[in-house]
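First comes the structure, then the notes that go with it.
Order of listing sets the numbers, starting from 1, for every ligand and every atom in it.
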Amino acid sequence: MNIGLVCYASVGGSGIVATELGKALAQRGHRVHFISTEMPFRFGEFQAGLAFHQVLTPTYPLFREPQYLLSLANKIVQVSREFNLDIVHAHYAVPHATAAFLSRQVLASSGSAPRVVTTLHGTDITLVGSDPSYSQIVAFSIEQSDRVTAVSESLRASTCEELGVTRDIAVIPNFLDCGVHRRHASPALRRRFGGDDPDVKIVTHVSNFRPVKRVESVLAIFDKIRRTVHARLLLVGDGPELGTAYRIARELGISGLIDFVGAQEEIVPLLSVSNLFLLPSSQESFGLAALEAMACEVPVVASRVGGLPEVIEHGISGFLHAPDDLDAMTESALGLLTDPVLHARVAEVACQRVRTHFCADRVVPMYEKCYSELMG
Ligand code: GMT
């Protein structure tokens with residue numbers, strides 16, 4: 001099939017999932033056309049079957065506002081006419097589902113139009129899409145897509161409740177390339193972050209440092225952990241709350257125990273030296289970052305919100321607590337870091353859970369089936 005994948009190129013789960021899906025589809029013989037403002041994060045090396053089409057949004061002195069929706073819809077029309085797209089798959093509803101709908105209308109008026117699939121990722125519904133400034137158009141665009149998928153049952157339910165959407169939404173979970181996402185021994189990197197003392201525990205958080213990730217909770221939990229065990233905090237990512245993280249670290253007097261490494265494309269080496277992963281988000285429709293940690297045998301302590309209970313079974317493949325219950329999160333974290341038997345068991349079960357339920361070879365065929373059904 002000829003598939004157009006519309007996604008955000010910036011660091012973020014929806015772009016990563018779209019990129020991994022595109023790469024997996026190309027490996028399975030499809031021709032995949034990424035349509036985005038920049039080469040997507042984690043695109044990696046060139047791979048046969050993949051093409052990238054850049055969306056440019058020219059400015060004009062009259063406009064104070066960038067016309068991204070128009071330039072994106074126009075690019076989808078152009079790519080579809082040139083490469084006979086069978087499917088346009090919009091990742092993240094705002095405004096990609098609307099651009100896909102608009103381009104399908106244009107293409108239908110001049111011959112055959114591709115079928116539109118929209119995948120909902122989370123904040124496109126729970127934060128942005130349900131904002132009254134966007135909700136009417138977002139709901140309409142979701143209803144008008146030929147197929148809609150959500151990355152968790154929780155997100156499917158939120159879409160119906162918060163936007164009043166009544167149509168079928170299939171749940172297709174996020175996934176990983178399980179050949180790549182596995183723990184590698186990296187003694188040199190481990191020494192770089194943990195020094196020569198093998199008892200130092202590396203606690204890691206990876207995110208785009210937006211308010212929803214609650215980086216202040218990460219620091220508060222770590223501050224309690226380091227009072228009991230020798231530990232260092234590895235903070236991976238960049239975003240608006242990074243300055244807050246610097247400030248809180250200074251106030252707590254723990255800056256010297258933290259490695260801020262910024263946004264990183266290669267996440268596996270960093271997870272492979274980690275002993276614990278913290279994800280105390282206020283909302284998380286799936287928690288791809290947690291899944292990546294689990295695949296690298298890093299136990300996760302996270303919030304019991306959104307789709308996280310569909311990824312982590314509390315007390316079995318990780319620990320979940322109310323987002324405000326930092327004491328319980330600290331207790332679970334310390335339990336894992338001080339009990340090697342518990343740590344090894346949770347790490348093993350978490351990794352097995354990923355390999356059983358969330359590998360590309362199990363999940364990508366679900367998207368292929370969805371496309372084939374649409375193609376009749
Ligand atoms: O909020 C983010 O972390 C970015 C956002 C995105 O769309 O890029 O992530 C959402 O989609 C991810 C991929 O499906 C999910 O794993 C994240 O849980 C979800 N984030 C939230 O719901 C806050």
Side-chain angles (χ1 to χ4, degrees), residues 5-22 36-38 40-42 89-97 117-131 134 138 148-159 162-163 169-177 181 205-215 217-218 235-242 263-264 267 277-295 300 302-312 318 320 323 354 357-358 360 363-364 366-367:
L5 283 184
V6 181
C7 66
Y8 283 113
S10 54
V11 184
S14 62
I16 292 172
V17 170
T19 308
E20 293 300 332
L21 175 62
S36 190
T37 52
E38 283 168 38
F41 184 70
R42 296 215 192 156
H89 189 164
H91 284 264
Y92 206 88
V94 185
H96 298 163
V117 178
T118 295
T119 290
L120 309 172
H121 281 274
T123 49
D124 48 352
I125 302 301
T126 56
L127 282 181
V128 187
S130 53
D131 187 297
Y134 297 121
V138 174
V148 179
T149 76
V151 297
S152 63
E153 174 53 36
S154 152
L155 182 59
R156 190 201 64 73
S158 300
T159 307
E162 294 179 31
L163 286 177
I169 299 176
V171 174
I172 302 186
N174 286 334
F175 62 92
L176 300 175
D177 178 341
H181 287 268
H205 169 76
V206 181
S207 78
N208 48 18
F209 285 73
R210 288 184 299 144
V212 74
K213 301 295 175 180
R214 290 209 171 160
V215 67
S217 300
V218 173
L235 291 178
V236 186
D238 203 343
E241 292 297 300
L242 190 56
Q264 296 290 332
I267 209 71
F277 191 89
L278 294 177
L279 195 63
S281 311
S282 58
Q283 180 52 252
E284 206 66 68
S285 68
F286 183 88
L288 186 66
L291 195 70
E292 290 178 331
M294 291 161 72
V300 178
S303 299
R304 187 181 290 108
V305 291
L308 278 168
E310 296 169 51
V311 177
I312 299 167
L320 297 172
V354 177
H357 297 285
F358 302 104
V363 177
V364 174
M366 297 183 191
Y367 282 112

**Asked** Looking only at N/O atoms, are His121 and ligand 1 under 3.5 Å apart anywhere?
**Response** yes
**Message:** Measuring from non-hydrogen atoms of His91 to any atom of ligand 1, is the shortest distance under 4.0 Å?
**Reply:** no
**Request:** Just let me know how Tyr8 lines up against ligand 1, side chain, backbone, both or neither, with a heavy-atom cut-off below 4.0 Å.
**Result:** neither
**Asked** Should Gly306 be listed as contacting ligand 1, given a heavy-atom distance under 4.0 Å as the test?
**Response** no
**Partners meeting side-chain hydrogen bond (donor to acceptor under 3.5 Å, both in side chains) with Ser158 (sequence neighbours left out)** = none
**Request:** Pull out every atom of ligand 1 sitting under 4.0 Å from any heavy atom of Ser285, numbered as shown with elements.
**Result:** 15 (C), 17 (C), 18 (O), 19 (C), 21 (C), 22 (O)
**Request:** Flag the pair Leu320 / Leu308 as yes when at least one side-chain heavy-atom distance between them is below 4.5 Å, and no otherwise.
**Result:** yes
**Asked** So Tyr367 and His89, would you call those rings parallel, tilted or perpendicular, with 30° and 60° as cut-offs?
**Response** tilted
**Prompt:** Should His357 and Pro173 count as side-chain neighbours, where that means a heavy-atom distance under 4.5 Å?
**Reply:** no
**Asked** Considering only heavy atoms, does Ile16 approach ligand 1 within less than 4.0 Å through its side chain, its backbone, both, or neither?
**Response** neither
**Item:** Pair Ser285-Ser152, side-chain donor/acceptor within less than 3.5 Å
**Value:** no
**Asked** For ligand 1, does Val151 get within less than 4.0 Å through its side chain, its backbone, both, or neither, judged by non-hydrogen atoms?
**Response** side chain
**Message:** Tell me if the centroids of the rings in His121 and His91 come within less than 6.0 Å of each other.
**Reply:** yes
**Request:** Go through ligand 1 atom by atom and flag the ones less than 4.0 Å from a non-hydrogen atom of Ser14.
**Result:** 6 (C), 7 (O), 8 (O), 13 (C)
**Prompt:** Considering only heavy atoms, does Leu127 approach ligand 1 within less than 4.0 Å through its side chain, its backbone, both, or neither?
**Reply:** neither
